[in-house]
Amino acid sequence: MLTISRVHTFYGHIEALKGIDMEINQGEIVTLIGANGAGKSTLLMTICGTPRARSGRIVFEGKDIAQLPTYEIMRLGIAQSPEGRRIFPRMSVQENLRMGAITADPQYFEGDLERVFTIFPRLKERATQRGGTLSGGEQQMLAIARALMSRPRLLLLDEPSLGLAPIIVRQIFSTIKEINQQQGMTVFLVEQNANHALKLAHRGYVMVNGVITLSGTGQELLSNAEVRAAYLEGG
Ligand code: ATP
């Protein structure tokens, strides 16, 4: 579904991604783990076109999107829930969801709204409440729900567990699994919480300083000695 080849991304003269190769197949949950500053968010954002890859190819469903503007990439069927959630704090839950649906055909709005309210019943209870008054976990749910409202075929999630209590993290991860299993949604999950992410994902990649150093199934990476030492033990 998505094939990334030899992608390099720079911030000024700093090379944040140094030749990334990665593949995401339809129906998979693929995770990218790595330390703070490794370049994980940069890869997710490069898929969305901001920042633009300086070189390399990003092919989504047969089309090279590496040099397309972000709005066109979104329109092709990719949506992201960004790091730090970035919901609209002064808008109600329902208005936030309407913003997510802005590129979708309006005829689907009511049905899609019901669908995300079924996945996230808490959001239905809070439909008229302002986004900024929700708890951290609810804001994360809203960010994912908003992304779903654009009817993507590929959902990109940047650190959905960031700053959330363990019980809420478990809830969010089980919802991601549900969205993948029940709707066949393909998910690319960037996470520092390697343990949860690798348990959930079909496959994973490890990034160190802008380079992919390891890849394998979630189970393989969970039992890999290097991964255990760097990302799982004590953390
Ligand atoms: P985190 O979990 O902290 O978000 P990450 O693995 O997602 O980490 P990135 O945020 O992609 O890492 O950052 C990769 C590198 O690029 C880091 O060295 C970071 O300092 C640098 N960087 C990120 N954003 C910018 C920017 N807007 N301008 C300049 N350098 C940046």
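Order of listing sets the numbers, starting from 1, for every ligand and every atom in it.
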Tell me, which protein residue and heavy-atom name are nearest [atom], and how many Å apart are they?
atom                    : value
atom 26 (C) of ligand 1 : Y11 CD2, 3.4 Å
atom 3 (O) of ligand 1  : N36 OD1, 2.3 Å
atom 10 (O) of ligand 1 : S41 CB, 3.8 Å
atom 12 (O) of ligand 1 : G39 N, 3.1 Å

Please could you name the atoms of ligand 1 that [X] approaches to less than 4.0 Å, counting only its heavy atoms?
X   : value
K40 : 2 (O), 5 (P), 6 (O), 7 (O), 8 (O), 11 (O), 12 (O)
A35 : 6 (O)
A38 : 5 (P), 6 (O), 12 (O)

Who's closest to atom 9 (P) of ligand 1 heavy-atom-wise, of D158, T42, I14?
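Going through D158, T42, I14 one by one, T42 has the nearest heavy atom to atom 9 (P) of ligand 1.
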Closest candidate by heavy atom, reference atom 4 (O) of ligand 1, pool Q192, E83, E15
E83
Close approach of G210 to ligand 1, heavy atoms, under 4.0 angstrom:
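Outside the 4.0 Å threshold, so no.
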Could you check whether any heavy atom of E159 sits closer than 4.0 Å to an atom of ligand 1, since that is the contact criterion I want to use?
yes
Would you kindly confirm whether L142 and L113 end up in one hydrophobic cluster when ILVMFWY residues are joined by side chain heavy atoms under 4.5 Å apart?
yes
Quick check: is V187 connected to I33 through a chain of hydrophobic side chains (ILVMFWY, heavy atoms under 4.5 Å apart)?
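No; tracing contacts between hydrophobic side chains, which count when under 4.5 Å, never links both residues.
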Is there a donor in the side chain of [X] and an acceptor in the side chain of [Y], or the other way round, less than 3.5 Å apart?
X    : Y    : value
Q107 : D105 : yes
T128 : S92  : no
E191 : H196 : no

Within-cutoff protein neighbour (heavy atom, under 4.0 Å) for atom 20 (O) of ligand 1:
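False for atom 20 (O) of ligand 1.
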Counting only nitrogen or oxygen atoms and a 3.5 angstrom limit, does G37 reach ligand 1?
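Min N/O separation from ligand 1 is below 3.5 Å for G37.
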Looking at ligand 1, does any of its N/O atoms fall within less than 3.5 Å of an N/O of A16?
no
Residues at least two apart in sequence or cross-chain that pass side chain to side chain donor-acceptor pair (under 3.5 Å) with Q94, listed by chain then number, are none
Evaluate the criterion side chain to side chain donor-acceptor pair (under 3.5 Å) for residue pair R153 and Q26; output intermediate values, then yes/no.
CA-CA 9 Å; R153 290 187 300 289; Q26 174 134 24; over 6 Å; no
salt_bridge(R203, E220) N-O dist < 4.0 Å
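Salt bridge: no.
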Taking the hydrophobic residues Ile, Leu, Val, Met, Phe, Trp and Tyr, and joining any pair whose side-chain heavy atoms are under 4.5 Å apart, which ones share a cluster with F10?
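Grouped by the 4.5 Å side-chain rule, F10 forms a cluster of one, so the answer is none.
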